[in-house]
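Heavy-atom basis, side chains included; hydrogens, waters and symmetry copies ignored. Numbers restart at 1 for each chain; the letters A, B, ... are given by sequence-line order, proteins then strands.
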Amino acid sequence: MTRDIPEKPALEGLEEKWDAKWEADATFRFDRSKSRDEIFAIDTPPPTVSGSLHMGSVFGYVQTDANARYQRMTGKEVFYPMGWDDNGLPTERRVQNFYGVRCDPSLPHDPAFVPPSEPPDQPISISRRNFISLCHGLTEEDEKVFEQLWRTLGLSVDWTQSYATIDDHSQRTSQKAFLRNLERGEAYTQDAPVLWDVDFKTAVAQAELEDRERPGFYHRVAFHRPDGEKVFIETTRPELVCSCVALVAHPDDDRYQSIFGSTVTSPLFGVELPILAHELAEPDKGSGVAMICTWGDTTDVTWWRELDLPTRTVIQQNGRFQVEVPEWIDSERGRFVYEQIAGLYPNQARKKMADLLEESGDLEGEPKQVIHPVKFYEKGDRPLEIVSSRQWYIRNGGREDDLRKKLLELGEHLDWVPDFMGVRYKHWVEGLNGDWLISRQRFFGVSIPVWYHLDDQGIPDYDRVIVPAEGSLPVDPTSQAPPGFTEEQRGEPGGFMGDRDIMDTWATSSLTPQIAGHWDDDPDLFARVFPMDIRPQGPEIIRTWLFSTLLRSHYEHGVLPWDHATINGWILDPDRKKMSKSKGNVITPSALIDEYGSEAVRYWACNGRPGTDTAVDFGVMKIGRRLAVKILNASRFALGFGEDVDVSAITQPIDRSMLAGLSEVVERATTAFENYDYARALEVAEASFWSWTDDYLELVKGRAYSNGAEAASAHAALQLSLSVYLRFFAPFLPFVTEEVWSWWREGSVHRAVWPTPGEFEGLTGDERILAATSEVLTAVRRAKSDAKTSMRTALSSLRVSGSEDDLAAVKAAEADLLEAARGTSVGYEAGEFAVTAVLEDA
RNA sequence: GGGCGUUUAGCUCAGUUGGCUAGAGCACUGCCCUUACAAGGCAGGGGUCGGCGGUUCGAGUCCGUCAACGCCCACCA
């Protein structure tokens with residue numbers, strides 16, 4: 001093919017040019033005619049569509065793309081879909097802020113509603129349907145922006161295989177999987193204490209918790225024995241004295257042996273309470289006696305359950321103390337005291353109760369300040385409360401040892417990249433203390449697809465769940481009637497009630513292999529891609545996304561959803577601890593791409609080792625850019641000698657020597673990629689490439705410009721080695737390699753075959769020749785540098801001493817060496833390796 | 001309180017199963033407009049490999065211990 005080499009090659013514009021061409025040629029389109037063993041399937045993480053992407057996303061996605069491109073070049077058909085995680089709370093929050101609205105499910109749908117152009121000061125309340133419609137609209141816009149960024153970055157995904165976690169197909173898959181869990185008894189509903197976010201007014205799962213250090217005060221509070229003696233407890237939550245159901249101490253605590261089984265009355269409220277023993281009580285914490293409330297913390301829940309205590313809830317789902325005085329407070333004084341805190345938030349009630357206890361003399365001493373961990377919803381601003389509520393759960397091994405053991409075993413069979421990430425999974429599964437709570441009292445998500453029978457009184461019977469037929473999915477139980485009922489029977493005695501909750505976003509994204517592989521509606525495709533080859537993702541969502549995907553796959557298919565989990569590292573601020581400079585200086589990926597180019601950003605990402613935390617580093621990006629420019633220029637030289645020459649022309653020892661080295665590099669880079677170590681593959685290829693340009697190119701330059709068989713050998717060797725380097729770099733720098741490839745090759749470099757040692761068969765020589773000659777050349781350059789003269793300065797004499805092998809190696813490339821060094825002859829002598837170069841006029 | 005990871009030149013990081021005279025790039029110094037490349041190229045200076053102790057003929061690499069930093073987990077009395 002004729003070579004079409006630009007005079008001044010440049011990086012600018014390559015992203016748009018090749019993105020358009022790849023799209024037009026369907027270069028990365030998945031060919032579903034391939035069989036499972038010819039396919040490499042990737043369970044791409046669907047990014048959360050809630051505004052802008054950050055560098056952390058770019059980092060992991062580019063690394064995965066490098067692995068994907070390598071696999072494609074080895075001949076695998078790559079199944080590389082892209083999803084958007086748009087369902088769930090992040091989208092709701094973004095819509096609320098963006099439009100200045102809030103969802104009020106009690107309002108009727110307003111078909112004419114248009115959001116104001118500017119968000120108003122006071123949020124406008126809108127119906128659930130209007131709210132969801134805004135969510136859809138905004139996420140669609142965001143998804144376009146995201147897709148554009150991914151394209152600019154050069155992700156080789158097949159854009160015809162995309163999905164959104166809120167689209168009908170995902171909803172159908174999610175509901176179908178849930179119904180199957182329900183049918184097999186893996187999902188169940190139960191009314192129980194749950195961790196509750198009072199602002200979002202939803203239950204929260206264990207995986208979404210985080211502890212935050214908060215200041216609190218230990219209040220030493222007196223309870224009263226019948227004989228008037230005081231029993232002290234210490235609590236940070238005196239406001240919960242009214243919901244106290246018992247006191248507890250450790251069974252072996254000598255101080256309290258005599259009072260176990262007796263009773264006390266609570267201060268101010270005068271409620272009679274037992275003193276019980278339980279080994280979770282810690283003798284050296286506070287006074288050694290704790291009050292059990294329903295519920296101040298998760299230990300309370302444990303005690304309440306294991307000691308079979310009554311339920312005395314006072315905090316409601318809106319986070320406030322209930323207004324009516326609870327019936328277990330029957331004294332006149334108790335009722336009066338409760339009225340002081342009725343309707344308050346816990347922090348308000350806490351101060352009030354502390355005052356009242358002090359007045360009554362039941363608070364001893366000054367409250368002591370402590371810093372203690374408090375449970376928060378990871379997206380929330382106020383401490384979680386524990387309220388009793390009916391929720392849906394999926395069994396996850398948190399309460400069944402057999403299942404837990406099985407899940408641990410599956411985790412051991414998964415190939416973790418890097419290895420140590422596997423322990424995070426292990427610890428998470430070992431630490432599970434309850435089933436997976438999947439229902440959320442929110443709006444933008446996949447509905448829990450069930451209804452409940454209403455009895456003669458109109459009370460729902462949660463044991464009589466009505467399920468839809470699989471063929472009718474997705475369903476919205478709040479607006480559709482169940483099979484065998486009509487809409488008129490909604491809410492009527494003898495009729496039905498639809499479940500109002502939606503599923504947690506993880507309940508849907510735990511099914512990404514099933515969604516992307518079309519388990520629901522294309523079993524042929526699913527069989528070709530599942531179980532998938534890799535699950536790339538961040539370390540922080542091992543406990544959520546990875547674990548839940550594994551669980552759902554185990555339930556539905558009885559297998560691991562993928563063979564390998566490649567876990568990327570964490571992204572650190574460019575100036576790490578130097579926070580002074582980073583004020584308000586948010587780095588967006590698109591800004592970096594604009595400044596340094598996609599190749600540079602990709603290069604930076606691919607330099608981050610698998611699983612290793614990496615700082616945003618502009619210096620590394622600059623190097624990436626320089627490498628890309630170097631590829632353009634070196635290619636211009638290597639291809640500047642006319643038509644292709646057959647490799648049989650490669651006869652010169654130094655050319656064969658270079659190819660011998662390159663053949664080894666091929667093996668090393670390939671091994672690295674086979675272990676999903678894109679970073680090492682890049683490092684190996686890059687080191688080789690720089691010495692190729694610095695030494696080999698300089699050494700053969702003169703000969704390449706000449707004529708005859710010697711020149712032809714150089715031309716053929718340059719062409720073969722360049723072809724190898726372009727393929728080496730194609731996974732990392734897809735645009736510039738494709739650009740150069742197009743100068744002289746048909747088709748895409750991304751569909752070219754990955755280099756193999758077989759390409760060098762019969763073309764290699766002694767590696768030592770190039771190495772030794774390069775050493776001599778470096779010594780000559782040093783001499784010229786020391787003399788502060790131009791590299792063009794001629795040598796009056798050049799003498800090399802070394803072993804017999806060294807000398808033979810240099811001799812084999814003597815003509816090229818003399819040309820590059822500007823010498824006329826080389827003198828050889830046996831001895832220690834040394835080079836003496838004498839300059840003319842020196 | 002437990003677990004995992006990190007700690008190598010001023011900065012950002014490589015260093016695979018122990019053999020290194022410890023590397024790269026940036027930054028720094030000097031030189032060079034050499035016909036692929038001056039938003040380049042060539043050459044150079046710079047490190048007691050976090051501390052201490054151990055195993056070994058030999059340790060940046062293995063073991064123990066301590067420290068700093070980061071992340072994850074942990075029952076809020």
Side-chain angles (χ1 to χ4, degrees), chain A residues 5 8-9 209-214 216 218-219 221 233-237 240 247-249 280-282 285-293 296-303 370 372-376 383-384 386 418 420-424 426-428 430-431 433 539-540 542-543 569-570 572 574 576-577 604 607-609 611-620 622-623 625-627 629-640 668 671-672 675 677 679-680 683 686-687 690 693-694 697-698 701 705 777-793 820 822:
Chain A
I5 306 170
K8 265 278 176 194
L209 301 182
E210 81 186 20
D211 285 1
R212 296 184 198 161
E213 298 285 324
R214 285 296 126 105
Y218 274 134
H219 299 74
V221 176
I233 60 113
E234 288 191 20
T235 179
T236 55
R237 302 202 63 179
L240 289 176
L247 299 190
V248 67
L280 272 183
E282 293 177 39
K285 219 167 188 178
S287 62
V289 184
M291 69 169 178
I292 304 173
C293 310
D297 63 34
T298 53
T299 315
D300 281 343
V301 177
T302 306
W303 280 326
V370 288
H372 63 163
V374 179
K375 286 205 185 308
F376 280 74
L384 293 170
I386 297 175
F420 66 80
M421 291 294 180
V423 302
R424 296 198 184 204
K426 184 166 173 270
H427 289 160
W428 172 250
E430 285 171 349
N433 54 30
E540 77 285 7
I542 288 173
R543 63 176 179 166
W570 197 255
L572 306 169
R576 298 195 164 200
K577 268 151 250 153
W604 162 75
N607 252 281
R609 258 53 200 176
T612 300
D613 296 352
T614 304
V616 175
D617 188 336
F618 309 114
V620 174
K622 281 183 193 161
I623 301 163
R625 189 178 170 80
R626 208 170 56 127
L627 175 62
V629 171
K630 194 77 174 175
I631 289 171
L632 286 176
N633 288 320
S635 300
R636 212 173 92 78
F637 168 75
L639 297 175
R668 286 164 61 207
T671 303
N675 294 317
D677 194 348
R680 175 163 305 284
E683 182 192 0
E686 194 186 359
W690 282 111
T693 61
D694 291 349
L697 257 48
E698 290 302 325
K701 191 178 279 181
Y705 279 117
L777 181 61
T778 297
V780 171
R781 284 169 177 159
R782 188 181 304 123
K784 293 180 182 178
S785 239
D786 289 348
K788 296 182 190 294
T789 183
S790 160
M791 292 297 147
R792 298 172 77 182
T793 306
R822 316 275 162 170

Within the sub-3.5 Å range, which N or O atoms of nucleotides 2-7 of chain B have a protein N or O partner, and how far apart are they?
| residue | atom | partner | partner atom | Å |
| --- | --- | --- | --- | --- |
| B:rG3 | O2' | A:His427 | ND1 | 3.1 |

Protein N or O to nucleotides 38-46 of chain B N or O, pairs below 3.5 Å:
| residue | atom | partner | partner atom | Å |
| --- | --- | --- | --- | --- |
| B:rG41 | OP1 | A:Lys630 | NZ | 3.4 |
| B:rG41 | OP2 | A:Arg626 | NH1 | 3.1 |
| B:rC42 | OP1 | A:Asp694 | OD1 | 2.7 |
| B:rC42 | OP1 | A:Asp694 | OD2 | 3.0 |
| B:rG44 | OP1 | A:Arg782 | NE | 2.7 |
| B:rG44 | OP1 | A:Arg782 | NH2 | 3.2 |

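OP1 or OP2 of B:rC73 has not a single side-chain nitrogen or oxygen of A:Lys426 nearer than 4.0 Å. Close to B:rC76, at under 4.0 Å from its OP1 or OP2, lies no side-chain N or O of A:Arg212. A sub-4.0 Å separation between OP1 or OP2 of B:rU34 and a side-chain N or O of A:Lys784 is absent.
Comment: A:Arg668 does not engage A:Glu683 in a salt bridge, judged by the lack of any side-chain N to carboxylate O separation of less than 4.0 angstrom.
Across B:rC75, B:rC73, B:rG30, the shortest atom-to-atom separation from the side chain of A:Lys788 is found for B:rG30. With B:rC76, B:rC72, B:rC75 as the candidates, the nucleotide lying closest to the side chain of A:Arg543 is B:rC72. Relative to the side chain of A:Ile623, the nucleotides B:rG25, B:rA14, B:rA74 differ in distance, and B:rG25 lies closest.
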For this session: Using a 4.0 Å cut-off on protein heavy atoms (strictly under), produce a 5'-to-3' string for nucleotides 19-24 of chain B with B for base contact, S for backbone-only sugar-phosphate contact, and - for none.
Result: ------

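Under the 3.5 Å distance criterion, the side-chain polar atoms of A:Lys784 are matched with a main-chain donor or acceptor of A:Thr793.
Taking atom CG of residue A:Asn607 and atom C1' of nucleotide B:rG25, one finds them 9 Å apart after rounding to whole Å.
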